[in-house]
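Scroll down for the structure; my scribbles are underneath it.
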Amino acid sequence: MFAIPGKQAVTITPKAANQITKLMTSAGHAGLRIGIKKGGCAGMEYTMEYVNEADTNDEVVEQDGARVMIAPMAQMFLFGTEIDYETSLLESGFKFRNPNVTEACGCGESIKFG
């Protein structure tokens, strides 16, 4: 993992930790795996999936009862990211504040790294 000793790869806000914990409990899974895949108008997209156990090469981040696994190919792209959960009048969902992103599409679903 691309890491700084004593610093987690990603941080999880209390709202995101609460939502992840709810999802883990209601679905009976061990956590959520976050990854990156090619796609979207800016070139890359975040992925999230339920997992029952971490793969040997996953980076596991645990915070406030929430468990997130970072897929090996996404680790260098996600280092320093804050994961939040926002609710608005029209939508709710996870938001990634990623300092490594150089460009994002208008809808915020697709990203580009420099």
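Position 1 is the first residue of the sequence; numbering continues from there. Not measured: the values here are computed from a predicted model. Every heavy atom of this structure was used, including side-chain atoms; hydrogens, water molecules and symmetry mates were not.
T11 places none of its side-chain heavy atoms less than 4.5 Å from the side chain of I83. Annotation: side chain of I34 is not in contact with side chain of M69 (no heavy-atom distance under 4.5 Å). Side-chain contact between M44 and K37 is absent, with no heavy-atom pair separated by less than 4.5 Å. Inter-residue side-chain proximity for I20 and V68 is flagged as met; some heavy-atom pair is nearer than 4.5 Å. Side-chain contact check for D58 versus R33: some heavy-atom pair is nearer than 4.5 Å. Residues E49 and V51 are in side-chain contact: their nearest non-hydrogen atoms beyond the backbone lie under 4.5 Å apart.
Note that CD1 of I12 is 9.0 Å distant from CD of E62, once rounded to the nearest 0.5 Å. Here T25 contributes atom OG1 and H29 contributes atom NE2; the two are 11.0 Å apart, rounded to the nearest 0.5 Å.
Taking the six-membered ring where tryptophan is involved, the planes of F94 and Y85 are perpendicular, since the angle between them exceeds 60° and thus also 30°.
With R67 as the fixed residue, the side-chain contact (heavy atoms from CB on, under 4.5 Å) test singles out one of V61, V60, T21, L32: V60.
Linking ILVMFWY side-chain heavy atoms closer than 4.5 Å, directly or via other members, places M73 and I36 in two distinct hydrophobic clusters.
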Please test E86 against R97 for salt bridge (charged side-chain N to carboxylate O under 4.0 Å, His left out), starting from the C-alpha separation and ending with a verdict. CA-CA 12 Å; E86 295 180 355; R97 293 186 188 94; 2.5 Å; yes

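Minimum interatomic distance between E53 and A30 (heavy atoms only, all atoms of both residues): N-CB, 4.2 Å. Annotation for I70 and V10: closest pair CD1-CG1, 3.8 Å, computed over non-hydrogen atoms. Across N52 and G28, no two heavy atoms sit closer than the pair OD1-O, 4.1 Å. Here the closest heavy-atom approach between residue A17 and residue Q63 is recorded as CB-O, 3.8 Å. In this structure, F79 and P99 approach most closely via the heavy-atom pair O-CG, 4.1 Å.
Formation of a donor-acceptor pair under 3.5 Å by the Q75 side chain with backbone atoms of N57 is found in this model. A distance-only check finds no donor-acceptor pair linking the side chain of T81 to the backbone of F96 [under 3.5 Å].
With respect to E82 and K15, no salt bridge is recorded, no charged nitrogen being found less than 4.0 Å from a carboxylate O.
Looking only at atom types and distance, the side chain of N100 has a donor-acceptor partner in the side chain of N98 under 3.5 Å away.
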